[in-house]
Amino acid sequence: MPASDRIEIAVVGAGVVGLATALRLAAKGREVMLIDPNEPGSGASFGNAGTLAEYACMPVGTPAVLRALPKLLLDPDSPFSLRWAALFQLAPWLTRFVRQSLPAATRANAAALAGLLADALPAWEEMAGEAKATDLLRRNGCLYLYRSPADLTGSAASREARASFGIHQQVLTPYEVAALEPKLPPVAGGGLYFPDSLNLTDPSLVMGRLVDAATARGVVLRQAKVTGLHAKGGGVRLAGPGFGVTATKVVIAAGAFSRPLAAQAGDRIPLETERGYHLEFPAETPLLTRPVCPVDLGFYMTPMAGRLRVAGTVELGGLAAPPNPRRLALLDRGVRQFFPDLGRPSSQWLGFRPSLPDSRPVIGPSPKSPDVIYAFGHGHLGLTLAAVTARWVASFVAGRENPLAADFAAARFS
């Protein structure tokens with residue numbers, strides 16, 4: 001047990017990225033404290049679609065999204081929306097997002113993400129073995145669903161980009177879709193199948209296994225809210241209500257709550273919040289055998305233990321507002337287009353995704369405070385990239401160079 005006010009490495013944020021990082025560092029023999037005001041593994045780490053999407057290299061901002069952006073933002077029922085009350089706050093982020101949606105930036109962002117994603121599944125399988133959670137991973141692939149031939153045609157650019165990065169994908173005819181998922185209604189456009197992807201049968205159970213593995217390795221859990229960060233010679237001081245610790249190095253992995261701490265480290269990072277929703281429906285007999293994403297509706301339908309989870313869409317709008325019932329109703333109407341006989345949802349959820357304009361996370365040391373290491377901003381890919389991010393953080397702690405680091409450095413926002 002470390003002294004009460006000193007630790008070698010403090011990891012702020014006990015979501016999946018923080019858990020994976022703490023576990024990796026502890027396995028390397030480091031003394032680690034994991035700090036979060038909430039239950040470890042809750043938040044977006046619990047409420048996601050459960051997909052390990054190694055294929056998802058395309059950023060949120062693309063030329064196609066840019067062309068459709070006015071219509072998307074003006075339609076409250078579109079898969080990409082914003083809370084207009086937050087427009088003034090979001091304006092700088094949206095300006096950067098527009099620039100990052102231009103063709104050259106889109107190609108650069110996709111290439112960077114593809115490089116990071118290349119090791120995502122092997123890293124996850126290694127971590128699942130460490131956490132004794134392999135039984136909760138399923139390799140059944142993932143299916144994108146195109147309900148019209150025009151939608152499939154419109155996906156050509158993203159398919160070509162993925163192919164150029166060596167990502168495995170198979171275009172399916174409507175008949176092949178029906179053979180793969182016979183309980184779905186017929187679709188006219190067909191599908192795109194990613195055979196290598198994994199999914200979690202129960203994200204909450206997986207998070208629990210990661211917590212158990214981390215504590216078994218000696219990670220100290222502290223339930224506290226970190227509001228103050230001061231980097232000085234000889235360590236980084238973290239403080240909050242009733243809490244204080246000095247660490248030799250600090251990892252900021254607090255997801256959507258990371259921006260104020262990065263600012264105290266000296267870095268202005270344009271992090272905003274995507275508000276993500278899910279509904280769950282009891283399903284003793286599985287309706288699907290893998291995650292299915294109707295691309296035009298912007299959500300995933302994922303079979304989980306005893307239930308179907310419907311998760312997704314993008315709502316820009318900050319951390320403070322209550323859940324938007326219109327977004328939950330949108331998910332409910334959408335899933336009933338495929339399974340009209342579903343009963344009432346058994347649960348609903350709102351969580352916060354940390355979103356950067358270029359869709360790339362920030363991973364690496366702070367330019368202003370080198371003893372502070374960033375690991376946040378993963379957007380829709382926090383679950384997928386958790387294990388590979390942990391590998392990167394461990395290498396930074398050990399002082400090793402990473403040839404891909406510049407693509408994800410905080411300095412890109414200077």
Side-chain angles (χ1 to χ4, degrees), residues 11 15-28 30 45 48-59 107-131 133-134 136-142 158 161-169 194-200 203 206-207 209-210 213-214 251 253 255 291 354 356 358-365 373-410 412:
V11 179
V16 66
V17 174
L19 282 168
T21 299
L23 176 57
R24 182 78 180 182
L25 290 169
K28 295 290 185 182
R30 303 288 184 172
S45 301
N48 54 68
T51 58
L52 301 181
E54 91 297 344
Y55 54 83
C57 65
M58 297 308 296
R107 287 192 295 271
N109 294 333
L113 286 169
L116 186 59
L117 285 161
D119 292 327
L121 296 190
W124 244 104
E125 289 174 311
E126 179 187 6
M127 182 173 72
E130 168 80 14
T134 304
L136 301 174
L137 269 61
R138 179 181 294 140
R139 189 184 290 276
N140 261 2
C142 176
S158 59
R162 292 190 198 95
S164 72
F165 302 130
I167 294 170
H168 297 160
Q169 54 187 349
F194 302 101
D196 295 338
S197 71
L198 302 170
N199 67 281
L200 309 185
V206 173
M207 296 308 116
R209 304 268 180 97
L210 290 175
V251 180
L356 289 160
D358 57 8
S359 295
R360 305 184 207 175
V362 177
I363 310 173
I373 298 172
Y374 297 137
F376 63 84
H378 295 75
H380 296 246
L381 293 172
L383 183 68
T384 300
L385 292 173
V388 74
T389 297
R391 286 183 175 182
W392 278 39
V393 171
S395 72
F396 289 126
V397 168
R400 293 194 295 271
E401 297 292 327
N402 187 320
L404 301 179
D407 289 337
F408 302 93
R412 73 187 192 267

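Here, residue 1 is the first one in the sequence, and each next residue gets the next number. Fair warning: this is a prediction, and the values are worked out from it, not measured in the lab.
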Next item on the list: State, to 0.1 Å, how close Pro203 and Gly50 come at their nearest heavy-atom pair, and which atoms those are.
Entry: CG-CA, 4.3 Å
Check: So how far is it from Thr389 OG1 to His378 NE2, rounded to the nearest 0.5 Å?
Finding: 3.0 Å
Margin query: Distance check, rounded to the nearest 0.5 Å: Arg209 atom CZ versus Leu19 atom CG?
Written below: 14.0 Å
Item checked: Shortest non-hydrogen contact from Arg139 toward Pro195 -> CG-O, 4.4 Å
Item checked: For the student: nearest non-hydrogen atoms of Pro291 and Gly141, plus distance -> CD-O, 3.5 Å
Note to self: Donor-acceptor pair, distance only, cut-off 3.5 Å: does the side chain of Arg360 make one with the backbone of Leu113?
What the structure shows: no
Check: Could you walk me through whether Arg24 and Val393 pass the side-chain contact (heavy atoms from CB on, under 4.5 Å) check?
Finding: CA-CA 9 Å; Arg24 182 78 180 182; Val393 171; over 6 Å; no
Next item on the list: Check Gln169 against Ala163 and note the closest heavy-atom contact, atom names and distance.
Entry: NE2-N, 3.4 Å
Margin query: To the nearest 0.5 Å, what is the distance between CZ on Arg107 and CE on Met58?
Written below: 10.0 Å
Check: What distance separates Lys28 NZ from Arg391 CZ, expressed to the nearest 0.5 Å?
Finding: 9.0 Å
Next item on the list: Would you confirm whether Trp124, through its side chain, and Leu383, through its main-chain N or O, come within 3.5 Å as a donor-acceptor pair?
Entry: yes
Item checked: Passing candidate, side chain to side chain contact (heavy atoms under 4.5 Å, CB included) with Leu116, options Asp407, Thr384, Ile363 -> Ile363
Checklist line | Nearest-0.5 Å distance that lies between atom CG in Leu210 and atom CG in Leu23 | finding: 6.5 Å
Next item on the list: Please determine which of Trp392, Phe396, Phe376 meets the ring pair (Phe, Tyr, Trp, His ring centres under 6.0 Å) test together with Phe408.
Entry: Trp392
Check: To the nearest 0.5 Å, what is the distance between CG (Asn109) and CG (Asp358)?
Finding: 5.0 Å
Check: What are the two closest non-hydrogen atoms of Ser197 and Cys142, and how far apart are they?
Finding: OG-N, 3.1 Å
Note to self: Strictly distance-based, threshold 3.5 Å: is any side-chain N or O of Ser359 a donor or acceptor partner for the main-chain N or O of Pro59?
What the structure shows: no
Next item on the list: Test Asn199 against Leu52 for side-chain contact (heavy atoms from CB on, under 4.5 Å), laying out the working first.
Entry: CA-CA 5 Å; Asn199 67 281; Leu52 301 181; over 6 Å; no
Next item on the list: Would you check if the side chain of Arg412 reaches a backbone N or O of Ala409 as a donor-acceptor pair within less than 3.5 Å?
Entry: yes
Note to self: Please find the pair of heavy atoms, one from Cys57 and one from Phe165, that lie closest to each other, and give the distance.
What the structure shows: SG-CD1, 3.8 Å
